[in-house]
> 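Dropping the structure in here first, questions after.
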Amino acid sequence: MTLEQYTTQYLKQAQKGDDGAREIILSEAKSFIQKTAVNFCARPLEWGLDDELSIALMAFNEAIDRYQDNRNIPFLGFARLVIKSRLSDHFRKEARHKHQPLEYQTTDNSTIQLETEQAWENYLREAEARERQEEVVEFQRELSQYGISVSDLVEASPKHKDARENLIAVAKQVVDRPDLIEQLIRTKRLPIKELDQICGLHRKTLEKGRRYIIAMALLLHYKERFIYLYSYLKLTGWSAGEEGSNCG
């Protein structure tokens, strides 16, 4: 199971007080937490040695409690925002020796409490919009390494749902085979010959859909890096159980 699948299965249980479910999520999320913290801090971090990882872990745990389905944001995207916010708070506190995050200030004044909660929600909206934009730019940069532009991808995207699902299923086959995804990333070329041997799709179909298959394979392989784009991919009609292909 992937981290996304673990959170889908256990998140609501954890929010209802199931400590076992929470521990499962936290255990499976350690790699995601570490990558997020390392990227934010721009330096290597090791569990048990760097406070930043402890802060990131607590932030992820906080995200479990604070996440709401109606936020219209993937849970992992929300968790990444909370981790970055708490690490930012930590660095400001270190620099100023007196910083206390706005959303954690305590007061008996309900108006101020409302304002601090609004400040938190405003931060989330602004940070999410910024991360969505940054993710698109980063994905464009990734695609360019494979000789694919956004206009190429738009042109190559199948117009019919069945055709899209067939090509996405091929992309999933690439990702599920370590030798094929390694070859794609190393050579920056789709392993058409190998796919022709294991898929029921015609070679010409694979060649015609090459750019789309590559893009989808990258989204599937780097889904914790491109959280929002991957979430959009799922919302447009594909899920892990809808492969729609003769691959495999």
> Minimum heavy-atom separation for I227 and G77, please, with both atom names.
CG2-N, 3.6 Å
> Could you check whether F60 and Y67 have their ring centres less than 6.0 Å apart?
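No; F60 has its ring centre 6.0 Å or more from that of Y67.
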> Do L153 and V150 share a hydrophobic cluster, counting only Ile, Leu, Val, Met, Phe, Trp and Tyr and linking them when any side-chain heavy atoms are less than 4.5 Å apart?
no
> Does the pair E142/R225 count as a salt bridge with the N-to-O cut at 4.0 Å?
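Result for this pair is yes, salt bridge flagged.
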> Give a yes or no on whether the backbone of L3 and the side-chain of T7 come within a donor-acceptor separation of less than 3.5 Å.
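Confirmed, T7 side chain pairs with L3 backbone.
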> Does any non-hydrogen side-chain atom of S88 lie less than 4.5 Å from one of F40?
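Counting from C-beta outward, F40 and S88 do come under 4.5 Å.
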> Without swapping roles, check the side chain of S85 against the backbone of V82 for a donor-acceptor pair under 3.5 Å.
no
> Do you know which two heavy atoms are closest between A14 and I25, and how far apart they sit?
CB-CD1, 4.2 Å
> CD of E138 to CG of L229: how many Å apart, nearest 0.5 Å?
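Spacing of CD (E138) from CG (L229) equals 9.5 Å.
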> Quick check: closest heavy atoms across L167 and P158, and the distance to 0.1 Å?
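So the minimum-distance heavy-atom pair works out to CD1-CG, 3.5 Å.
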> Does atom CZ of R189 have more than 12 heavy-atom neighbours, drawn from other residues, nucleotides or ligands, at distances under 6.0 Å?
no
> Heavy atoms, side chains only, cut-off 4.5 Å: are D152 and L143 in contact?
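Not touching, per the 4.5 Å side-chain cut-off.
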> Does the Q15 side chain pair with the main chain of I64, one donor and one acceptor, at a distance under 3.5 Å?
yes
> Testing Y228, F32, Y230 one by one against L76 for a side-chain contact (heavy atoms from CB on, under 4.5 Å), which residue passes?
F32
> Name the one of E134, E135, E128 that satisfies side-chain hydrogen bond (donor to acceptor under 3.5 Å, both in side chains) with R132?
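Exactly one candidate clears the test, E128.
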> Under the side chain to side chain contact (heavy atoms under 4.5 Å, CB included) rule, what do Y212 and V170 come out as? Steps first, then yes or no, please.
CA-CA 10 Å; Y212 189 79; V170 175; over 6 Å; no
> Taking side chain as C-beta onward, heavy atoms only, is I185 less than 4.5 Å from H221?
yes
> Atom CD in Q68, atom CD1 in I73: separation rounded to 0.5 Å?
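So the CD of Q68 and the CD1 of I73 are separated by 12.0 Å.
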> Got a second to check how far I83's CD1 is from E52's CD, nearest 0.5 Å?
13.0 Å
> Say you draw a straight line from CH2 of W47 to CG of L57; how long is it, rounded to the nearest 0.5 Å?
5.0 Å
> Just checking, is any N or O donor in the side chain of Y10 or E28 under 3.5 Å from an acceptor N or O on the other one?
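Side-chain D/A pair, Y10 to E28: absent.
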> Testing the basics here: between A171 and A217, what is the closest heavy-atom pair and its distance to 0.1 Å?
CB-N, 3.5 Å
> Quick check against the 3.5 Å criterion: does H160 have a side-chain atom that pairs as donor or acceptor with the backbone of D162?
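A pair under 3.5 Å: no.
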> Nearest 0.5 Å, please: how far is CD in Q183 from CZ in R177?
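Reported to 0.5 Å precision, the distance equals 10.0 Å.
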> Could you walk me through whether C41 and F91 satisfy the side chain to side chain contact (heavy atoms under 4.5 Å, CB included) test, starting with their C-alpha distance in whole Å, then the side-chain angles of each, then the deciding distance to 0.1 Å, before giving a yes or no?
CA-CA 10 Å; C41 298; F91 291 134; 3.7 Å; yes
> Give a yes or no on whether the backbone of I192 and the side-chain of D196 come within a donor-acceptor separation of less than 3.5 Å.
no
> Using 30° and 60° as the class limits, which term best fits the ring planes of F139 and F226: parallel, tilted or perpendicular?
perpendicular
> More than 12 heavy atoms of other residues, nucleotides or ligands under 6.0 Å from CD of Q145: yes or no?
yes
> Between I168 and K172, does the side chain to side chain contact (heavy atoms under 4.5 Å, CB included) criterion hold? Intermediate values first, please.
CA-CA 6 Å; I168 290 173; K172 187 175 185 299; 5.5 Å; no
> Can you name the residues that form a salt bridge (Lys or Arg N to Asp or Glu O under 4.0 Å) with K84, not counting sequence neighbours?
E131
> Does the side chain of R22 reach to within under 4.5 Å of the side chain of D65, using non-hydrogen atoms?
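In contact.
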> Would you mind telling me which of M216, R210, R211 makes a side-chain contact (heavy atoms from CB on, under 4.5 Å) with I214?
R210
> Quick check: closest heavy atoms across A37 and L53, and the distance to 0.1 Å?
CB-CD2, 3.9 Å
> What's the verdict on side chain to side chain contact (heavy atoms under 4.5 Å, CB included) for E194 and D179, showing C-alpha distance, side-chain angles and the deciding distance?
CA-CA 10 Å; E194 290 80 356; D179 58 326; 5.9 Å; no
> Hydrophobic cluster membership, with links at side-chain heavy-atom distances under 4.5 Å among I/L/V/M/F/W/Y: are L26 and M1 in one?
yes
> To the nearest 0.5 Å, what is the distance between CG (L81) and CZ (R86)?
11.0 Å
> At their closest point, which heavy atom of A63 faces which heavy atom of F75, and how far apart are they?
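Looking at all heavy atoms of both residues, the closest pair is O-CE1, 3.7 Å.
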> Give a yes or no answer on whether the side chain of N39 reaches the backbone of K35 with a donor-acceptor pair at less than 3.5 Å.
yes
> Just wondering, more than 12 heavy atoms not from K188 lying within 6.0 Å of its NZ?
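Counting other residues, nucleotides and ligands, NZ of K188 exceeds 12 neighbours.
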